[in-house]
**Student:** 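Handing you this structure, nothing more for now.
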Protein chains: 2
Amino acid sequence: MPTGRKSRIPQTRTDKVHAGLRQAILEQRLAPGARLPEDAIGDSFGTSRTIAREALGRLAMEGLVDLVPNRGAFVANPSLDEGRHIFAVRKGLERLVVQQLAAQMTPDLAGALQAMTDAERKVLAKSEAEAIRLAGEFHLKLAELTGNPLLARYVRELVSRCSLVLAMYGRPHSAECGAEEHRTLVAALVAGDRDRAAALMDQHLDLVAGRALIAPEQLGDVRTILSDFLRETSD
Amino acid sequence: MPTGRKSRIPQTRTDKVHAGLRQAILEQRLAPGARLPEDAIGDSFGTSRTIAREALGRLAMEGLVDLVPNRGAFVANPSLDEGRHIFAVRKGLERLVVQQLAAQMTPDLAGALQAMTDAERKVLAKSEAEAIRLAGEFHLKLAELTGNPLLARYVRELVSRCSLVLAMYGRPHSAECGAEEHRTLVAALVAGDRDRAAALMDQHLDLVAGRALIAPEQLGDVRTILSDFLRETSD
DNA sequence: CCATCTCCGATTGCATACGATCCTGATGTG
DNA sequence: CACATCAGGATCGTATGCAATCGGAGATGG
């Protein structure tokens with residue numbers, strides 16, 4: 001199992017605060033733009049400002065919080081443009097992920113991939129926030145299976161930031177990755193079809209991004225945007 | 001307005017120490033594996049341990065420093081495998097860079113690119129360390145020209161780590177990117193030839209990596225490795 | 001001679017203290 | 001009424017202090 005291993009590395013308090021804050025942000029318990037004073041963080045986690053400060057620093061490097069000098073920390077509030085930038089990089093990296101996976105395909109790897117989609121079928125998200133989280137989980141595991149820890153780290157970071165963007169700009173019920181798309185992608189992967197897998201991943205991420213960000217070609221076309229709102233009202 | 005003013009960057013002490021340490025590591029004034037005690041860092045920069053600690057934390061997130069709990073910080077000492085991982089991700093991201101640049105080519109952009117290679121012709125590195133730094137500069141500027149700050153940040157991080165790897169495993173005089181390769185790449189870019197640019201960048205990075213890391217297909221072939229040393233002796 | 005244990009110095013993990021900086025809004029002036 | 005000025009409070013930036021932890025040197029026993 002990926003987590004829960006009794007590793008030797010002592011879980012420092014900073015790690016706990018970092019993890020806690022991270023989860024709170026990704027689950028939208030802390031809204032984008034919310035203030036994050038070091039004192040308050042420290043208080044609510046029962047530690048000193050020192051720890052809170054360090055955790056906030058890390059989150060800032062991951063792009064989940066904005067750190068304004070002498071002003072304090074805020075939950076990141078990415079603009080639509082930033083969102084597009086994030087998705088662009090994510091697409092590039094995940095393309096790399098599937099290319100590498102397809103190239104190094106083995107029976108073991110194929111089994112692990114199949115198991116992932118099988119597991120996905122059983123788990124149903126209970127909330128919008130959880131749906132976003134689960135969607136990211138699949139992509140993260142994919143990256144980890146490449147055996148390249150750096151690649152996995154970047155993908156985790158990007159998936160987190162995408163979650164934020166989706167939470168901000170996503171239309172309701174639009175967040176979950178279609179499990180079907182995941183299955184066809186895995187099928188291409190186990191077949192070792194590098195190009196097809198890459199194309200599928202591209203398409204998949206375009207769909208995810210398209211559900212959230214107004215697609216570039218729709219930009220400026222007011223009627224297209226308004227038509228979306230029209231549909232929402234009947235929901 | 002979101003960008004574009006002399007935003008007051010109150011260059012905090014942590015920033016200075018961070019920048020100083022970073023430079024020292026990349027210039028190899030601090031060898032890979034060297035200990036970096038918080039006290040010593042603080043002393044030599046004239047600040048407290050607090051600052052040194054924070055700077056070390058940042059460097060750790062950038063992969064330039066290894067942080068061992070309760071033991072201290074060390075200059076990163078990437079293994080050959082880690083080096084390959086780093087280059088793999090870098091290749092993926094820089095491919096994205098050139099694709100984006102080719103897609104959004106404008107006369108202005110073309111001019112900026114030409115200026116870069118022209119400038120490169122004039123500057124000659126005075127030392128091995130400087131050569132590595134200059135080589136990275138070009139790739140970083142390329143990433144910045146995409147207008148995607150996140151992409152630029154990742155590329156900067158990866159170029160830094162590659163510098164470390166090159167410093168550790170590069171053969172002497174092998175570090176500088178051939179300026180010629182840069183020029184042909186820029187030519188493809190200004191022509192808007194997306195695929196050719198991507199291919200050239202791939203090839204270029206393979207060459208750079210190949211000069212440093214033993215290419216995968218050479219692995220285990222002792223004679224190939226030794227032949228390199230043979231040539232070095234006559235240098 | 002080697003394995004193990006114990007203690008000690010070095011160094012980190014964390015908390016607290018104090019000055020510095022910036023925003024807020026209350027006050028006075030033209 | 002608009003605007004400049006200036007306290008006040010909130011919050012950050014940094015330094016310092018103390019206990020906890022780790023690794024290694026030396027002692028101890030086989």
Side-chain angles (χ1 to χ4, degrees), chain A residues 5-22 24-25 30-77, chain B residues 1-22 24-25 30-77:
Chain A
R5 190 204 188 100
K6 194 93 186 266
S7 39
R8 287 287 141 85
I9 37 182
Q11 180 85 318
T12 172
R13 297 182 209 206
T14 303
D15 293 327
K16 286 182 194 151
V17 176
H18 175 237
L21 276 179
R22 175 193 177 81
I25 292 173
L30 290 168
R35 288 210 71 182
L36 299 171
E38 295 172 359
D39 299 5
I41 310 282
D43 270 359
S44 58
F45 280 96
T47 80
S48 80
R49 217 157 59 77
T50 307
I51 305 302
R53 183 182 177 79
E54 198 172 327
L56 287 172
R58 289 196 202 168
L59 289 167
M61 290 207 70
E62 298 172 14
L64 289 184
V65 318
D66 289 338
L67 224 44
V68 184
N70 276 310
R71 288 261 308 139
F74 306 80
V75 177
N77 206 348
Chain B
M1 62 190 71
T3 57
R5 69 172 46 161
K6 52 143 163 243
S7 29
R8 191 171 299 94
I9 21 170
Q11 190 76 321
T12 172
R13 297 183 209 211
T14 302
D15 293 328
K16 285 181 194 153
V17 175
H18 174 238
L21 275 180
R22 175 193 177 82
I25 292 173
L30 290 169
R35 287 209 74 188
L36 299 171
E38 295 172 359
D39 284 336
I41 310 283
D43 272 357
S44 58
F45 280 95
T47 79
S48 78
R49 232 164 40 84
T50 307
I51 305 301
R53 185 182 177 79
E54 199 171 328
L56 288 172
R58 289 197 202 166
L59 289 167
M61 290 207 71
E62 296 172 16
L64 291 184
V65 161
D66 288 340
L67 224 43
V68 185
N70 277 312
R71 288 259 304 136
F74 305 81
V75 177
N77 205 351

**Student:** Nearest nucleotide by nearest heavy atom, which residue falls closer to the 5' end of DNA chain C, A:R71 or A:G46?
**Tutor:**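 With A:G46 and A:R71 compared, the 5'-side residue is A:G46.
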
**Student:** Do any N or O atoms of the protein come closer than 3.5 Å to N or O atoms of nucleotides 17-20 of chain C, and which pairs are they?
**Tutor:**
residue : atom : partner : partner atom : Å
C:dA17  : N6   : A:R49   : NH2          : 3.4

**Student:** Counting only non-hydrogen atoms, which of residues 30-45 of chain A are less than 4.0 Å from DNA chain C?
**Tutor:**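 Within this stretch, nothing sits under 4.0 Å of the strand.
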
**Student:** Would you say A:R13 places a side-chain N or O within less than 4.0 Å of OP1 or OP2 belonging to C:dG13?
**Tutor:**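 No, no such contact exists.
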
**Student:** Starting at CG of B:L64, measure out to NE2 of B:H18 and round the result to the nearest 0.5 Å.
**Tutor:**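 Result: 7.5 Å between the selected atoms.
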
**Student:** Which pair of heavy atoms, one from A:A73 and one from A:L67, lies closest together, and at what distance?
**Tutor:**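 Smallest interatomic distance, heavy atoms only, reads CB-CD1, 3.4 Å.
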
**Student:** On a heavy-atom basis, which atom in A:N77 and which in A:P32 lie closest, and how many Å separate them?
**Tutor:**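 Of all heavy-atom pairs spanning A:N77 and A:P32, the closest is OD1-CB, 3.9 Å.
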
**Student:** Please set out all donor-acceptor pairs under 3.5 angstrom arising from side-chain atoms of residues 36-47 of chain A, sequence neighbours excluded.
**Tutor:**
residue : atom : partner : partner atom : Å
A:E38   : OE1  : A:R49   : NH1          : 2.5
A:E38   : OE2  : A:R53   : NH1          : 2.9
A:S44   : OG   : A:A40   : O            : 3.1
A:S44   : OG   : A:I41   : O            : 3.1

**Student:** How close or far is atom P of C:dA15 from atom CD of A:E54, stated in whole angstroms?
**Tutor:**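 Rounded to the whole Å, the gap is 11 Å.
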
**Student:** Nearest heavy-atom pair of A:G63 and A:A76: which atoms, and what distance?
**Tutor:**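 Heavy atoms of A:G63 and A:A76 come nearest at O-CB, 3.4 Å.
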
**Student:** Give the first and the last nucleotide of DNA chain D, reading 5' to 3', that has any atom under 4.0 Å from a heavy atom of chain B.
**Tutor:**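 It runs D:dG13 to D:dG23.
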
**Student:** Passes side-chain contact (heavy atoms from CB on, under 4.5 Å), A:T50 versus B:T50? Steps please.
**Tutor:** CA-CA 9 Å; A:T50 307; B:T50 307; over 6 Å; no

**Student:** Given atom CG of B:L67 and atom C1' of C:dG13, what is their separation to the nearest angstrom?
**Tutor:**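 Nearest whole value for this atom pair: 12 Å.
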
**Student:** Calculate the interatomic distance between B:Q11 atom CD and C:dT21 atom P; express it in whole Å.
**Tutor:**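 One finds 15 Å between P of C:dT21 and CD of B:Q11, rounded.
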
**Student:** Looking at every non-hydrogen atom in both residues, tell me the closest pair between B:A55 and B:T14 and how far apart they are.
**Tutor:**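 The answer is N-CG2, 3.9 Å.
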
**Student:** Mind checking whether B:V65 and B:I25 have side chains closer than 4.5 Å, heavy atoms only?
**Tutor:**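 They are in side-chain contact.
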
**Student:** How would DNA chain C look in dot-bracket form, 5' to 3', counting Watson-Crick and G-U wobble pairs with both distances under 3.5 Å and writing | for bases paired to another strand?
**Tutor:** ||||||||||||||||||||||||||||||

**Student:** Sequence neighbours left out, what pairs pass salt bridge (charged side-chain N to carboxylate O under 4.0 Å, His left out) with at least one residue falling in residues 59-70 of chain A?
**Tutor:**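 Qualifying pairs, neighbours excluded: A:R22-A:E62.
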
